Amino acid sequence: MPRPTSRWIAERASVGTSTVRRPDRTTWIVLGRAGADVAVVFLDAEDVELGRRTVGADSWATWAAEIEAGEAVRWVWNDTPRWYAELLAAGTRLARCHDLRLCHAILRDSALVRADADLRVHTDWDATPHADPPAAAPTLFELGAAPDAATGLPEFLDDAVREFARQRTAIDGSTDPGRLRLLTAAESAGALVAVELRAAGLPWDPQAHDRILRGVLGPRPAAGGTPMKLEDAGRRVRAALGDPSANLDSQPKLLRSLHRAGVLVESTSRWELAQYRHPVIEPLLEYKKLSRLLSANGWAWLDEWVHDGRFRPVYVPGGVVTGRWASSGGGALQLPRQLRGAVHADPGWCLVIADVAQLEPRVLAAMSGDRALADAARGKDLYAGIVDTGAVATRAEAKIAMLGAMYGATTGDSGRLVPRLRRTFPRAMALVDDAAREGENGGVVSTWLGRSCPAPSAGWHAAQSLASAVEASGGDETRARRWARDRGRFTRNFVVQGTAAEWALAWMADLRGRLAALDAVPDSDAAPRSGAVFSTRPHLAFFLHDEVVVHAPRERAEAAALAVREAAASAARLLFGDFPIDFPLDLRIAESAQDD
DNA sequence: AGCTGGATTGGG
DNA sequence: AGAACCCAATCCAGCT
């Protein structure tokens, strides 16, 4: 079918009794609320307003789908979860958006943006939504309900139009508009992905989860009961302590019990306990392991977070200062490897599981333009490549040296090995060392695409001034130095971790487009639990910093895997152009995410 | 009763 | 073993 033109759309896009046309030349569509309706403004590429309309809240998803079928547009709105969850529930997928809240946060803090930019003035756009997205996708009936009541963000059309103009001005007047355009587009695409991930869900087999729990803990106890094997371990611990009433769940009480039994640990952490020889150690470590599994990902978690064979966590794009995602509820970013066997494709479907090997050092090589490190990274294993340069003797040394360089280690094996990397990869090491120095001096550093770290707090500055005063005490100086070094380690890591997060956003943004373009599998006994938008073709199902899981009909698995690889290559080009850096993937196609 | 912070352990 | 960066979730203790 030929791609519809915008004129075709203008003639065709009518909803209900009122015809709502999209003018020619439209590039941006800004959304806001107008009572129960959705109000829209059409803008062209030069920000010239082409017209305003309102669309009924009960029909705007259909209208948006028709607009989306035409020439490329970017939807502009205050907060992606508030709008896009509704659209997906109604079966409308969008390709591009501009999330005003997320982009505001980036531009407000970016060192690339002029200090006197209008959007630096504090407004409601600095609000952080405190309400989670709706737990269940809203029904069409609910679309008219005020979607923004809980966010604290401006919700009306003129607010959005004005903020959008401020953001465009800030980008255009910045020291590098190209990078900030990329970053705001990538961040916004990530916002779409996060909503899609939640809507589609991660295919989860509750029976497999239950089998794992039963194997480790014993049969599921009655509500409030203690699983058999946990009870068992607890009994053995109390016997070894000679204290039948010892409380194992309270850290201070457990510590006292251990002391009474002659185990003079300073904490009850696993690594410290493991160094002692005493009959209580083995069962106590076992108890802690089981207790952890039960409380973090036991049957209660399963009941709360898995429904209809899907784990639907809440992702929070931009939730970490570095630009990484955070999660809120469900613990999506902390799923223990132990439970991966519960991640299981639907019948007739499979999983494409891919992660980037050594993402951060590769990003460092590219952003610093360090050819030697890029050469060492060529192929599969960057650490083996470092050994081949002769900088260090073993792969293990290469790894802790590189991690030490990116995290700012100064002591131990890691601190000792970093100087060797400095000789072999001077440009890469200079980049992180410069970032550390800038941070120690109170400065601000930025990622490759222009996300900047927060400025130091007033307390930090005060400590530094105090230490340089004539009457400063030794304690003042020690504290100021420690805080300066702490901040140096933070900024050192910020530039690398943040740029890696940008690479991952670009990877996913490109990937979701490729997956959406794959042929549907209309006759498949497809995965309807992922919702209408995702039930006939491969879709993203999970994301974790440097790893994605795609859920795909079996006959599209190879195509999806190719899309994952091509998207990685595309992300590398988008960020680093022709610089010769590889981002090799560990990729496998399987029915279950269980490690082999 | 509800909040906060510490300790611990899971993830990268 | 940890170190050294970014986190979240849980439980308990201690506070208001």
Side-chain angles (χ1 to χ4, degrees), chain A residues 132 247-256 265-276 284-285 287-298 300-301 304-305 313-340 355-361 363-364 396-397 399-418 421 432 435-436 439 445 447 451 453-454 482 485-501 503-504 542-548 586 593 595:
Chain A
D132 285 342
N247 183 340
L248 310 186
D249 300 318
S250 157
Q251 191 264 347
K253 289 174 186 166
L254 174 58
L255 197 57
R256 282 194 291 274
V265 286
E266 287 182 10
S267 79
T268 63
S269 69
R270 186 161 51 92
W271 69 268
E272 193 182 350
L273 287 168
Q275 297 179 323
Y276 282 75
L284 181 53
L285 294 181
Y287 181 89
K288 289 167 83 83
K289 205 176 91 189
L290 302 190
S291 169
R292 167 76 188 190
L293 177 63
L294 178 66
S295 64
N297 296 100
W301 181 92
E304 183 178 358
W305 289 102
V314 180
Y315 293 97
V316 186
V320 177
V321 275
T322 57
R324 274 187 172 179
W325 289 12
S327 67
S328 160
L333 308 187
Q334 299 108 247
L335 279 181
R337 307 194 75 83
Q338 205 177 7
L339 282 182
R340 290 202 151 215
D355 68 276
V356 193
Q358 305 112 19
L359 175 57
E360 292 189 356
V363 158
L364 173 58
E397 283 187 339
K399 183 172 180 176
I400 60 168
M402 185 52 76
L403 293 177
M406 294 188 300
Y407 292 161
T410 54
T411 61
D413 290 346
S414 185
R416 186 170 52 78
L417 289 166
V418 171
L421 294 188
V432 284
V445 298
T447 60
R451 188 190 306 262
C453 73
R482 188 174 70 242
R485 280 196 300 264
D486 286 349
R487 186 169 155 79
R489 284 194 303 274
F490 165 62
T491 52
R492 168 190 293 272
N493 185 250
F494 180 93
V495 293
V496 180
Q497 187 183 117
T499 303
W503 186 94
F542 189 68
F543 168 63
L544 180 52
H545 305 318
D546 60 0
E547 174 183 6
V548 297
D586 285 325
D595 291 321

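Computed from a predicted structure; not experimentally measured. Only heavy atoms go into these numbers, but all of them, side chains included; no hydrogens, no water, no symmetry mates. Chain A is the first sequence line, chain B the second, and so forth, proteins listed ahead of strands; every chain is numbered from 1.
- Atoms NZ (Lys288(A)) and P (dG10(B)) sit 10 Å apart, rounded to a whole Å.
- We find that CG of Leu339(A) is positioned 14 Å from C1' of dT9(B), with the value rounded to whole Å.
- Across all strands, Leu359(A) comes closer than 4.0 Å to no nucleic acid atom at all (heavy-atom distances).
- The residue Lys289(A) sits apart from the nucleic acid: no heavy atom pair falls under 4.0 Å.
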Summarise protein proximity over nucleotides 2-7 of chain C in one line of letters, 5' to 3': B for base, S for sugar-phosphate only, - for none, counting protein heavy atoms closer than 4.0 Å.
BBBBBS
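- Here the side chain of Ser328(A) pairs no donor or acceptor atom with the backbone of Val314(A) at under 3.5 angstrom.
- The side-chain contact (heavy atoms from CB on, under 4.5 Å) search around Ala401(A) returns Leu417(A), Leu421(A), not counting sequence neighbours.
- Applying the side-chain contact (heavy atoms from CB on, under 4.5 Å) rule to Ser295(A) yields no partners; only residues at least two apart in sequence or on another chain are considered.
- The side-chain hydrogen bond (donor to acceptor under 3.5 Å, both in side chains) search around Ser250(A) returns none, not counting sequence neighbours.
- If you measure from atom CG of Leu285(A) to atom P of dA1(C), you get 10 Å, rounded to the nearest angstrom.
- Side chain Arg270(A) to base dT9(B): no donor-acceptor pair is found below 3.5 Å.
- With sequence neighbours left out, the side-chain contact (heavy atoms from CB on, under 4.5 Å) criterion links Arg256(A) to Pro252(A), Lys253(A), Arg260(A).
- Note: CD (Glu272(A)) to P (dA7(B)) measures 12 Å, nearest angstrom.
- One can place CG of Leu335(A) at 19 Å from P of dT9(B), the figure rounded to the nearest angstrom.
- The separation between Tyr276(A) atom OH and dA1(C) atom P is 14 Å, rounded to whole Å.
- Between the Thr499(A) side chain and the Val496(A) main chain, no donor and acceptor come within less than 3.5 Å of each other.
- Electrostatic pairing of Glu360(A) and Arg324(A) counts as a salt bridge here, judged by a charged N lying under 4.0 Å from a carboxylate O.
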Taking protein heavy atoms under 4.0 Å as touching, what does nucleotides 11-16 of chain C look like 5' to 3' if B marks base contact, S marks sugar-phosphate-only contact and - marks none?
SSS---
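- Separating the CD atom of Glu266(A) from the P atom of dG6(B) is a distance of 18 Å, rounded to the nearest angstrom.
- Whole-Å rounding puts the Leu273(A) CG to dA1(C) P distance at 12 Å.
- Counting non-hydrogen atoms of other residues, nucleotides and ligands closer than 6.0 Å to NZ of Lys399(A) gives a total of 12 or fewer.
- Residue-to-nucleotide proximity on DNA chain C shows that, of Ala332(A) and Gln275(A), the 5′-proximal contact is made by Gln275(A).
- Side chain of Trp325(A) to main chain of Gly319(A): no donor-acceptor pair is present (N/O by atom type, distance under 3.5 Å, no hydrogens or angles).
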